[in-house]
Amino acid sequence: METLCFHDGNITDLINRRTLDVRNDFNSVLQMQSSLVRRLSLERELEGHNGCVNSVAWNSTGSLLISGSDDTRINVWSYSSRKLLHSIETGHSTNIFCTKFIPETSDELVVSGAGDAEVRLFNLSRLNGRGLEENVISPSALFQCHTNRVKKLAVEVGNPNVVWSASEDGTLRQHDLREGVSCPPVGSSDQECRNILLDLRCGAKKSLADPPKQSLALKSCDISSTRPHLLLVGGSDAFARLYDRRMLPPLSSSQKKLPPPPCVNYFCPMHLSDCGHSNLHLTHVTFGTNREEVLISYSGEHVYLMDVNPAPGSEMSYTLGDVSKLMSFNPMTSRVELHSSVSGVFFNGFPVRNQVAAKLDKCRKLVQIAEKSLKEGTDFYYGVEACNEVLDGHGHEIGPTLVHECLCIRAALLLKRKWKNDAYMAIRDCHRARKINPSSFRALICMSEALSLLGKHEEALEFADAARSLAPSDFEVGEKVDNIKKHIAAEVEKAKKENDRGSKSEHRAGRVLSLSDIIYRHEGNGDAAQDGPEREDSDFDEELELDFETSVSDEGHDFDSNVLHGSLNFRIHMRGDSATETGRPNGASGLPTPSCQNDKVPYQPETVTDMKQRYVGHCNTGTDIKQASFLGQKGEYVASGSDDGRWFIWEKRTGRLLKMLHGDEAVVNCIQCHPFDCVVATSGIDSTIKIWTPSASVPSIVAGGSAGPEPQNVLDAMEGNQRRLCRTRETFLPFEFLERFRMHEFTEGSLHPFECTQS
């Protein structure tokens, strides 16, 4: 696989393109060329913080870098000298999660948002003439209208007057610096801040079929740089949302919870739209550099690429009915022919017949590599990579026969590899293969196996019977189908026994539940665990007894012994309304609110945009500020941090891994590419910021151009991350209960079990 070329071409291709197409901006093309990406290595560590660095961002020219940390400081660094210029004591009382330069202010105004629910603005010019130790300045603006942690800030290119803040209180607020630099004082006649642009306190959906009822704790937001009326948000459910700010209602206060406004588009991979998992949420959303794509990253899942405006009638858009159709057997009577998009000439008239033949030959060889991996039962990852190269790199340039063969092979490889949600990806491939050839025995067999892995045994039997009907007298075919049916029957019996065992309550027999047992339930190790029925939140009213003496070990922790040696009773009432209100003076304070959803009006599920590429290998479960970013002005590469202390770079078009680098002793959260140079800044749990440049002597898939057995090291790391993803624990206590643990609001003692976690 190392011999494969990347799609940005070699130096000869670049020279030819420069000669033939004068419209190309080659500075942007060469900023993140694959040969440079594969030479990235650590150049410098910037030291100046005393805690986790949760935010890094470049200014518009790339001359300055700003960072925010758990130490509640904002640091500003020089790009040219790599030195610390300013370190501001912000006055925040808890972790800073987001920092930004305000556009068109000569980089003098900076803004921060933090876990204390405050947004603060600072003027760096007030630090002129001071030393680094003289770093205390009062904020130029202070907004305290949020009632929960501020997780993301957004600014508009060319607009120095407005800052947007997204918070876990379910609101996105618009702070216009021309209208005021603070919230109204307590007791004033106009005490409520009327700056809520998006009220999503009744906006979260459990699944595509369910109406929005619960509070959507916002984790991320972004504003398009070329179409600033477009606003992208993501939070505590599976759906990213695109809004047109011109179509939103007037700014409101938090006195009333309003129904969520209609959005332009929803984004969610189809297989995640109907999971109903309470722990599945987005940690980052961002627009692509071409403004026609969005990138979204999930906690406990992968990174996905989607189109902002899929073509009408495109398979990239789906409805609730399409989700069920994908899993059900429906006879297909007509073939869907794939037509080559390659004409006989280039735009300048040069013949390409020889190039097309070379590409076809390359694709056939890649399919043979994948088939070999499948037959030998080894190197499933590289077999999948070979298929990705064929289907995503050249899918429109090869005939339907080869596409069909490659789809079936990739589906079989995915079922063998068994990484998180590979079974769903196999189903997608089988569905595409059946559209090309409705009588595809191989597609039907793989579909049956995938559905069986997901616990959909009735549907699996339908596809197995359909496969047998294609060759009723073929002994080998019949034997294979019989084996599948036996396996399905065994799985059904196994599931029945597990349900019977699960109905017997262990804690009724005297077993003391640990705090972890009560707060979490395990997902299981396979895809089948993702398809189980969900508890109805609105009907769950149960009393839980927590025995802290047996549940929590006080070794190495500064817990209050008075709390540990006793039982603490919580009565948990799970409601659809789960907004977290802290009673801040400018927030909602227990006032009656109207119902979020009119139950008399039948709910019509929305149309959703599906994924067009998936990026796998990393692990995102430990923190909820983990970013996924486009690299370079062209955005041809995608990067994400990981819980194993590494960060990963993929080719956007094919999803192929280019580079894996060790960037932190624990977790890499933030990745920001320099606006013009091949330089990347990363940060995480460490107190330093890492600066990466293409300084390695030789290209490599791992950092520093190591000459060791890197493919095996890379594969081991990715498989370890997949195991972590499959062990993700799903919370079933209400969101506000867990948030109070994290925000340390319990008054019974000093027990802070989530004190050291950011997620």
Side-chain angles (χ1 to χ4, degrees), residues 46-61 63-146 149-155 159-165 167 173 175-186 193 195 584-586 670 672 681 683 687-689:
L46 306 182
E47 299 180 356
H49 282 295
N50 294 314
C52 308
V53 182
N54 304 318
S55 172
V56 292
W58 299 97
N59 66 345
S60 59
T61 62
S63 61
L64 298 173
L65 180 71
I66 189 173
S67 59
S69 167
D70 284 0
D71 62 12
T72 69
R73 291 181 177 228
I74 292 176
N75 284 354
V76 179
W77 314 80
S78 167
Y79 171 57
S80 58
S81 68
R82 311 292 205 260
K83 291 183 179 180
L84 180 62
L85 300 178
H86 304 293
S87 184
I88 305 171
E89 287 282 4
T90 61
H92 284 295
S93 59
T94 58
N95 315 30
I96 293 176
F97 288 117
C98 41
T99 52
K100 287 280 188 183
F101 287 100
I102 304 296
E104 306 301 327
T105 62
S106 300
D107 300 318
E108 291 186 347
L109 293 185
V110 297
V111 63
S112 61
D116 57 8
E118 294 181 353
V119 176
R120 292 176 173 240
L121 183 78
F122 297 92
N123 193 326
L124 297 181
S125 64
R126 296 183 182 179
L127 294 171
N128 290 342
R130 299 191 189 184
L132 281 176
E133 301 303 319
E134 302 176 82
N135 51 22
V136 178
I137 57 174
S138 58
S140 302
L142 172 60
F143 300 101
Q144 299 174 299
C145 38
H146 281 296
R149 299 187 297 182
V150 176
K151 299 308 289 289
K152 207 71 175 181
L153 297 169
V155 293
N159 185 350
N161 302 310
V162 183
V163 176
W164 291 267
S165 58
S167 168
R173 293 181 181 256
H175 310 284
D176 193 325
L177 306 179
R178 296 165 297 187
E179 297 181 355
V181 293
S182 65
C183 299
V186 178
C193 293
N195 60 3
R584 298 175 67 91
N586 295 292
C670 304
Q672 289 295 310
S683 69
S687 60
T688 59
I689 300 167

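Atom set for the values below is all heavy atoms of this structure, side chains included, hydrogens, waters and symmetry mates excluded. Keep in mind that this is a model prediction, so the values were computed, not measured.
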Enquirer: So, using salt bridge (charged side-chain N to carboxylate O under 4.0 Å, His left out) as the criterion, who are the partners of E104 when residues are at least two apart?
Expert: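 With sequence neighbours excluded, E104 shows a salt bridge (charged side-chain N to carboxylate O under 4.0 Å, His left out) to no residue whatsoever.
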Enquirer: In Å, rounded to the nearest 0.5 Å, how long is the span from CZ of R73 to CD of E89?
Expert: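 Atom-to-atom, R73:CZ and E89:CD are 4.0 Å apart.
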Enquirer: By side-chain contact (heavy atoms from CB on, under 4.5 Å), which residues pair with S106, not counting sequence neighbours?
Expert: E108
Enquirer: Taking all non-hydrogen atoms of both residues into account, name the closest pair between V56 and C670 and its distance.
Expert: CG2-CB, 3.8 Å
Enquirer: Between S112 and L153, which heavy-atom pair has the shortest distance, and what is it?
Expert: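 Answer, listing the atom of S112 first, then L153: C-CD1, 3.6 Å.
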Enquirer: Can you name the ring-ring contact (aromatic ring centres under 6.0 Å, His included) partners of H49, sequence neighbours left out?
Expert: none
Enquirer: Contact between R173 and V163 at the side-chain level, heavy atoms closer than 4.5 Å - yes or no?
Expert: no
Enquirer: Tell me if a side-chain donor or acceptor on S683 pairs with a main-chain N or O of I689 at a distance below 3.5 Å.
Expert: no
Enquirer: Quick one: list whatever passes side-chain hydrogen bond (donor to acceptor under 3.5 Å, both in side chains) with N59, sequence neighbours left out.
Expert: T61, S63, D107
Enquirer: Just checking, any donor-acceptor pair under 3.5 angstrom between side chains of S687 and N50?
Expert: no
Enquirer: Is a side-chain N or O of N95 found less than 3.5 angstrom from the main chain of G115, in a donor-acceptor match?
Expert: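 No, the answer is negative, given that no donor and acceptor are paired below the 3.5 Å cut-off.
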Enquirer: Output the distance between atom CD1 (I74) and atom OG (S87), rounded to the nearest 0.5 Å.
Expert: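 Taking CD1 in I74 and OG in S87, the distance rounds to 9.5 Å.
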Enquirer: With S138, which residues qualify under side-chain contact (heavy atoms from CB on, under 4.5 Å), at least two apart?
Expert: R126
Enquirer: Does H175 offer a backbone N or O that forms a donor-acceptor pair with the side chain of N195 under 3.5 Å?
Expert: no
Enquirer: What distance do I96 atom CD1 and S55 atom OG have between them, rounded to the nearest 0.5 Å?
Expert: 8.5 Å
Enquirer: Atom CG of L124 and atom CD1 of I137: how far apart are they, to the nearest 0.5 Å?
Expert: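 Here the rounded value is 6.5 Å.
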Enquirer: Looking at every non-hydrogen atom in both residues, tell me the closest pair between P139 and R120 and how far apart they are.
Expert: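 That closest heavy-atom pairing would be CG-NH1, 3.8 Å.
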Enquirer: Verify, without hydrogens or angle tests, whether S69 (side chain) and G51 (backbone) share a donor-acceptor contact under 3.5 angstrom.
Expert: yes
Enquirer: Would you mind listing every ring-ring contact (aromatic ring centres under 6.0 Å, His included) that reaches into residues 63-82, with sequence neighbours excluded?
Expert: W58-Y79, Y79-H674
Enquirer: Give the minimum heavy-atom separation between A117 and H146, together with the two atoms involved.
Expert: O-CB, 3.5 Å
Enquirer: Does the S167 side chain pair with the main chain of R149, one donor and one acceptor, at a distance under 3.5 Å?
Expert: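 Side chain of S167 to backbone of R149: a pair is present.
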Enquirer: Measure the OG-CG distance between S67 and L84 for me, rounded to the nearest 0.5 Å.
Expert: 8.0 Å
Enquirer: To check you understand the geometry: which heavy-atom pair defines the closest contact between L46 and R82, and what is its length?
Expert: CD2-O, 3.4 Å
Enquirer: How far apart are the closest heavy atoms of S165 and V119, and which atoms are they?
Expert: CB-CG2, 3.8 Å
Enquirer: How long is the span from the SG atom in C183 to the CD atom in E118, to the nearest 0.5 Å?
Expert: 9.0 Å
Enquirer: Does the N159 side chain pair with the main chain of N161, one donor and one acceptor, at a distance under 3.5 Å?
Expert: yes
